[in-house]
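These numbers come from the heavy atoms of this one structure, side chains and all, not from hydrogens, waters or symmetry mates. Just so you know, these numbers come straight off a predicted model, no measurement behind them.
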Amino acid sequence: MSNPKSEALFARGRKVLIEGVSSASRGPAAFGTTPRYMSHGQGARLYDVDGREYIDWMMAFGALPLGHAHPVIVETVAREVARGTHFATALEVEVEVAEMLVRLLPHVDKVRFANTGTEAAMGAFRLARGHTGRRKIIKFEGHYHGWWDAVLVNTNPYPPTLLGHPNDPIRIPDSSGIPEEAWKDTIVVRWNDFDALERAMALHGRDAACVVTEGVMSNMGVIPPKPGYLQRMQDLCREHGALFYLDETVTGFRLAAGGCAELYGLNPDIVTYGKALGGGLPMAMIGGRDEIMAGLEWGKVLHFGTHNAGRLALHVTRVMLETMLADDQAGFRRIKNLGKAMADEIRKVAKHSNRHRLICQNVNSMFQIFFTEADEIADYRDFCRHVDRVKFRDFAVRLMDKGVYMNPSATLHSLSSVVHTEADITATADAIAAVLEEMP
Ligand SMILES: Cc1ncc(COP(=O)(O)O)c(C=O)c1O
């Protein structure tokens with residue numbers, strides 16, 4: 001399909017931007033071809049510069065639970081921008097949003113605002129080390145916690161022959177330019193594996209500042225935790241005096257009003273949020289109990305930021321939360337039902353395809369398609385061995401030609417928002433069926 005305006009922008013963009021974009025996940029590294037340059041969004045739709053329309057299931061990597069240009073957000077931004085975007089001073093709205101968050105999240109007594117998930121995670125790791133006086137960080141294969149040096153390790157090592165023994169994963173930084181000292185205290189463990197966790201905690205638990213996990217593995221598609229796994233992780237943290245750090249950057253204000261902590265009945269020591277929290281504007285936070293968060297007081301563990309608690313973003317955060325929570329959390333019910341319905345439709349289409357084998361994994365509003373012969377993908381090693389990433393990219397690019405936008409990376413996932421409809425689900429299922437018919 002020809003996209004002359006996107007092609008022209010790509011040619012111009014490559015001269016002045018790395019790969020023509022501002023993150024590898026938006027450009028040729030992810031698409032294997034020219035990315036579509038978008039011009040605007042409305043509701044559940046994105047529109048590109050060539051005038052094409054897409055049902056958007058990526059929703060800015062999950063930053064838009066209310067979809068694009070939701071009237072309450074447009075109204076809020078228009079009103080507040082006229083009163084000043086950012087002061088870097090104390091603010092009334094900062095106190096009010098923090099009060100809302102503390103009311104919503106029983107494991108959070110205090111919050112500290114930041115701008116991105118990476119920044120919040122950096123602050124949380126420093127806080128965990130400061131609070132415990134310990135150095136080690138225990139993280140899991142295939143989990144991503146931002147692009148900070150200490151944890152950009154084994155987020156996506158490939159091929160599987162590089163992974164090493166499951167009891168002792170080979171540690172592999174995901175980038176050049178990361179000094180060994182930065183990750184020498186990072187321990188990597190296979191996820192969703194009770195034995196591996198017990199072993200790692202026996203070996204390192206007493207030296208660990210924290211064990212950090214995504215509640216649902218969201219940077220390897222959608223991989224839910226095995227029953228009792230996160231609870232066991234939390235118990236082992238308590239036994240060994242390590243903080244249990246639940247990274248809710250993806251899952252927060254997505255899977256439930258209380259995130260994975262609510263969904264799986266957890267009581268984490270530290271959480272970080274980003275993405276959906278800002279409703280489309282940059283907003284993130286670190287949260288936890290009083291005695292831990294007190295570590296961030298002046299003179300103890302430092303965390304700064306010119307743009308922390310931006311007033312425009314805080315006003316949008318507030319209105320996003322109010323809208324999602326209205327009518328006894330109807331927004332959260334809606335995105336959950338839509339996500340499940342979309343996953344069910346995909347499974348029906350998959351069942352009818354005699355040309356391709358695919359499964360759909362889903363937790364509430366999040367879902368991902370895996371081209372695989374396996375019945376289930378339960379961890380990163382499964383993903384490496386059994387998921388056809390190249391085929392998924394081909395599939396997603398073809399889907400774009402049919403007016404459906406999913407991120408072309410099999411390691412990411414799709415998300416519903418409150419503005420998706422039953423009709424979008426039907427149209428998406430039809431487009432998927434058509435692509436499966438034409439795809440080699
Ligand atoms: C679980 C998790 N933590 C942290 C981050 C980093 O967030 P940001 O991209 O806002 O820096 C991400 C981003 O995808 C994430 O998925």
Side-chain angles (χ1 to χ4, degrees), residues 1 31 36 38-74 218 221-222 250 253-256 275-276 279-280 320 323-324 326-327 329-353 358-370 392 395-410 412-439:
M1 192 169 272
F31 288 81
R36 310 280 162 101
M38 297 299 166
S39 69
H40 62 289
Q42 185 65 56
R45 297 289 188 284
L46 270 178
Y47 299 86
D48 75 12
V49 289
D50 287 292
R52 260 193 261 287
E53 178 180 312
Y54 304 87
I55 302 171
D56 180 11
W57 292 104
M58 192 179 89
M59 286 290 159
F61 293 132
L64 303 168
L66 301 182
H68 299 285
H70 192 287
V72 298
I73 291 187
V74 173
S218 323
V222 174
V250 172
F253 302 121
R254 266 284 161 199
L255 295 188
K275 297 191 190 263
M320 181 281 294
T323 309
M324 292 296 288
D327 190 16
Q329 306 192 354
F332 289 102
R333 278 198 303 282
R334 180 168 173 81
I335 60 173
K336 169 178 162 179
N337 293 339
L338 286 165
K340 286 187 174 299
M342 187 70 255
D344 285 344
E345 285 306 308
I346 292 170
R347 289 182 190 123
K348 277 187 212 154
V349 173
K351 214 167 155 188
H352 285 109
S353 170
L358 57 148
I359 61 172
C360 183
Q361 296 198 171
N362 156 249
V363 180
N364 292 1
S365 62
M366 293 166 53
F367 58 93
Q368 179 61 312
I369 294 165
F370 294 132
F392 182 80
F395 165 80
V397 170
R398 287 170 189 269
L399 212 47
M400 279 174 209
D401 289 342
K402 306 233 178 296
V404 175
Y405 198 94
M406 289 184 183
N407 189 285
S409 171
L412 294 168
H413 52 262
S414 289
L415 294 138
S416 52
S417 74
V418 292
V419 291
H420 283 100
T421 61
E422 293 295 327
D424 293 334
I425 291 175
T426 308
T428 300
D430 290 348
I432 291 173
V435 169
L436 291 177
E437 266 309 300
E438 75 178 35
M439 203 167 64

Legend entry - Steps toward side-chain contact (heavy atoms from CB on, under 4.5 Å) verdict (K340, K336): CA-CA 6 Å; K340 286 187 174 299; K336 169 178 162 179; 4.1 Å; yes

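- Once rounded to the nearest 0.5 Å, the distance linking CZ of F395 with CD1 of I432 reads 4.5 Å.
- Scanning all heavy atoms of the two residues, the minimum distance from M38 to L46 falls at SD-CB, 4.1 Å.
- The minimum heavy-atom distance between G221 and H413, with the atom names listed, is O-ND1, 3.5 Å.
- For the side chain to side chain donor-acceptor pair (under 3.5 Å) with W57, the lone residue among T428, N407, D424 that qualifies is T428.
- Under a 3.5 Å cut-off, the side chain of R254 and the backbone N or O of S416 do form a donor-acceptor pair.
- Note on ring orientation: taking the six-membered ring where Trp is involved, the planes of Y405 and Y54 are perpendicular (angle over 60°, cut-offs 30° and 60°).
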Inset, instruction - Output, in order, the C-alpha distance, side-chain angles, deciding distance and verdict of side-chain contact (heavy atoms from CB on, under 4.5 Å) for N364 and I335. - result: CA-CA 7 Å; N364 292 1; I335 60 173; over 6 Å; no

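- Residues forming a side-chain hydrogen bond (donor to acceptor under 3.5 Å, both in side chains) with D401 (at least two apart in sequence, or on another chain): R36.
- Once rounded to the nearest 0.5 Å, the distance linking CG of L66 with OG1 of T323 reads 5.5 Å.
- The main-chain N or O of H420 is found under 3.5 Å from a side-chain atom of R334 such that the two form a donor-acceptor pair.
- Side-chain atoms of E53 do not come within 3.5 Å of backbone N or O of G403 as any donor-acceptor pair.
- When every heavy atom of S417 is checked against every heavy atom of L64, the shortest pair comes out as CB-O, 3.6 Å.
- Annotation: the span from I425 atom CD1 to I346 atom CD1 amounts to 9.0 Å, rounded to 0.5 Å.
- Atom OG in S218 sits 8.5 Å away from atom NZ in K275 (nearest 0.5 Å).
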Inset, instruction - Using the side-chain contact (heavy atoms from CB on, under 4.5 Å) rule, take R347 and N362 through it: C-alpha gap first, then chi angles, then the decisive distance, then the call. - result: CA-CA 11 Å; R347 289 182 190 123; N362 156 249; 3.7 Å; yes

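- Between the side chain of Q368 and the main chain of V222, no donor-acceptor pair closer than 3.5 Å is present.
- The closest side-chain heavy-atom distance from L255 to S365 is below 4.5 Å.
- Distance check: Q42 CD to Y47 OH gives 7.0 Å after rounding to the nearest 0.5 Å.
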Inset, instruction - Begin with the C-alpha distance, continue with both residues' side-chain angles, and end with the deciding distance and a verdict on side-chain contact (heavy atoms from CB on, under 4.5 Å) for M59 and H68. - result: CA-CA 8 Å; M59 286 290 159; H68 299 285; 3.9 Å; yes

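- A distance of 13.0 Å separates CD1 in I55 from NZ in K402, rounded to the nearest 0.5 Å.
- In this structure, T426 contributes its side chain and E422 its backbone to a donor-acceptor pair below 3.5 Å.
- No donor-acceptor pair closer than 3.5 Å links the side chain of D50 to the backbone N or O of R52.
- Taking all atoms of both residues into account, the shortest heavy-atom contact from M406 to M400 is O-CE, 3.7 Å.
- Contact between V418 and M324 at its shortest, heavy atoms only, is CG1-SD, 3.7 Å.
- The two residues T421 and L338 come nearest to each other via the heavy atoms C-CD2, 4.2 Å.
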